[in-house]
Amino acid sequence: MTKLEKIVLSYSGGLDTSIILKWLQETYGCEVVTFTADLGQGEELEPARAKAEMSGVKDIRIVDLREEFVRDFVFPMLRANALYEGQYLLGSSIARPLIAKHLVGIAQEVGAHAVAHGATGKGNDQLRFELAVNALDPSIKVIAPWRQWNIRSRMQLLEYAEKHRIPVPSDKRGEAPFSIDANLLHTSTEGKSLENPAEVAPDHVYQRTVDPVDAPDTPEIITIGFERGDPVSVNGKSMTPAALLTELNGLGGRHGIGRLDLVENRFIGTKSRGIYETPGGTILLTAHRGIESITLDRAAAHLKDEIMPRYAELIYNGFWFAPEREMLQALIDQSQAFVSGEVTLRLYKGSASVISRTSPCSLYSADLVTFEESAIAYDHHDAEGFIRLNGLRLRSWAARNGR
Ligand code: ARG
């Protein structure tokens, strides 16, 4: 094993990374710097500081990344209307490259040659962390304790915790918690009974949305303002990216919007079942499609829709910092130059529906679509020729088939 002088650990203060901290100190006998990111997971971060201190960590970094997360990661992804496998809003996938970026930044600052993370050897997150580190600083080594140590199960993990007097958390019901990953965009819950896709998820897995059945009986009408593809205001009030997403999470959560029970295909080749709650993100996706509907040219919109699954897959698989993602991003960003205006939505029992949209850059021409007499250049005879030529090959085909 190469001698390392310092390791920067992505540290949540939870059970897994507390054990990893101890294990790194014992295994490498070197200084560990902890990095805890506030991504709006809605958890107190000071306990993480106290725990790191107790484990003898001298350099403890706790950084509020909420604005950077939403402005530089969530919003660019939203411009693409990105969904993995048609449904997943990529809430965990998009947070990893940001964490990796800061791990690398701190490592460079303190002269560490390695970073460590607590993702297991079975999931997607290890790829997202490590591919990002590779892309940002190839000289940095990545330590993934879950792939190195001989702890092979949750049971053995608990035994290790007991032996080293690391407190083991339990949920409100006194049971071992689910595997949860939360940030301003979503809460993802996996593991335990959810590992059986035939098993209905119990109500208590949901953390930030009410059951649509229990949502208010009166709908709520909201207006979201967009500028160049990004949301900038709610009900006429300008907000920073993180404040805006926080506001929509509150509204969406109250109306039971953005729940998803999904079996997805992981990059490593397995399937996985998880419960996602993405209230604000779900509202934003609907609203963004609403404003694009009047401001994007048809071919531009359809091209975006063609590349979207590819773009989403790149993010899911961990290729945020990769040339092909950046190329697609440039294309998407260029398409957004005129995606400005306002969208009004109705939030009601689990759904967010567009009910009106306006834009100073609208391509919608009332005069062109009207059923009444139209003043400008639409000649009905043009439609006749257009149909005749489009029908030409169909008439040949039908004649050959003997119809
Ligand atoms: N399956 C999701 C993804 O790959 C979430 C992963 C993290 N979630 C968790 N509960 N550990 O993006």
Side-chain angles (χ1 to χ4, degrees), residues 10-20 36-37 39-43 69 73-74 77-78 80 82-100 117-132 144-147 153-154 157 169-171 175-197 199 201-202 204-209 258-279 281-282 285 309 311-322 325:
S10 174
Y11 178 72
S12 69
L15 177 63
D16 291 36
T17 52
S18 296
I19 291 174
I20 286 171
T36 308
L39 295 172
Q41 54 269 54
E43 244 168 47
F69 176 50
F73 291 78
V74 176
M77 179 171 81
L78 188 76
L83 286 175
Y84 180 65
E85 296 187 339
Q87 299 190 79
Y88 171 37
L89 278 134
L90 296 160
S92 293
S93 328
I94 193 63
R96 305 314 181 195
L98 171 61
I99 295 170
H117 64 75
T120 72
K122 282 188 164 181
N124 296 311
D125 287 328
Q126 50 180 342
L127 281 137
R128 298 168 184 152
F129 282 124
E130 295 178 40
L131 295 177
W146 271 109
R147 299 199 305 255
S153 66
R154 296 283 335 146
L157 191 76
S170 57
D171 70 5
E175 292 167 17
F178 287 98
S179 166
I180 293 170
D181 181 49
N183 58 45
L184 264 186
L185 184 54
H186 86 172
T187 300
S188 145
T189 309
E190 295 176 355
K192 301 211 299 179
S193 69
L194 299 176
E195 285 179 357
N196 178 359
E199 185 98 13
H204 66 267
V205 305
Y206 294 97
Q207 318 232 333
R208 54 163 91 176
T209 53
R259 288 185 168 197
L260 174 66
D261 181 332
L262 183 73
V263 176
E264 76 205 36
N265 291 292
R266 287 185 179 167
F267 192 21
I268 41 143
T270 59
K271 290 190 186 291
S272 118
R273 190 274 191 101
I275 300 293
Y276 298 105
E277 295 169 273
T278 319
T282 301
L285 176 66
Y311 173 88
E313 186 176 62
L314 287 174
I315 295 176
Y316 186 85
N317 289 353
F319 293 93
W320 177 262
F321 294 113
R325 199 283 304 174

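As the structure lists them, so they are numbered: ligands from 1, and atoms in each ligand from 1. Owing to the predicted nature of the structure, the values given are computational and were not obtained by experimental measurement.
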Quick one: are [X] and [Y] in side-chain contact, heavy atoms under 4.5 Å?
| X | Y | value |
| --- | --- | --- |
| L184 | L39 | no |
| T209 | T187 | no |
| F69 | I94 | yes |
| W320 | S93 | no |
| R325 | Y311 | yes |

### Query
What atoms of ligand 1 come within less than 4.0 Å of a heavy atom belonging to N124?
3 (C), 4 (O)

### Task
List every atom of ligand 1 that sits less than 4.0 Å from any heavy atom of E264, numbering the atoms from 1 in the order shown and giving each element.
1 (N), 2 (C), 3 (C), 4 (O)

### Message
What I want to know is whether S272 and ligand 1 share at least one N or O pair that is separated by under 3.5 angstrom.
### Response
no

### Query
Backbone or side chain, does any N or O of T189 fall under 3.5 Å from an N or O of ligand 1?
no

### Query
If you measure from atom 10 (N) of ligand 1 to every heavy atom of A119, S92, S179, A95, which option wins on shortest distance?
S179

### Query
Taking the minimum heavy-atom distance to atom 3 (C) of ligand 1, which of R273, E190, R128, R96 ranks first?
R128

### Message
Taking the six-membered ring of Y316 as reference, does the cationic atom of R128 (NZ for Lys, CZ for Arg) lie under 6.0 Å from its centre and within 45° of its axis?
### Response
yes

Please classify the [X] to ligand 1 contact at 4.0 Å (heavy-atom distances, strictly less than): side chain, backbone, both or neither.
| X | answer |
| --- | --- |
| Y276 | side chain |
| Y88 | side chain |
| D181 | both |
| D125 | side chain |

### Task
Using a strict cut-off of less than 4.0 Å between a Lys/Arg side-chain nitrogen and an Asp/Glu carboxylate oxygen, indicate whether R266 and E190 qualify as a salt bridge.
yes

### Query
Where is the nearest protein heavy atom to atom 8 (N) of ligand 1: which residue, which atom, and how far?
S188 OG, 2.9 Å

May I ask whether [X] has any heavy atom positioned less than 4.0 angstrom from an atom of ligand 1?
| X | answer |
| --- | --- |
| H186 | no |
| S93 | yes |
| R266 | no |

### Message
To check you understand the geometry: which heavy-atom pair defines the closest contact between L262 and Y88, and what is its length?
### Response
CD2-CB, 3.7 Å

### Message
How close do G118 and I20 get, counting heavy atoms only, and between which atoms?
### Response
CA-CD1, 3.3 Å

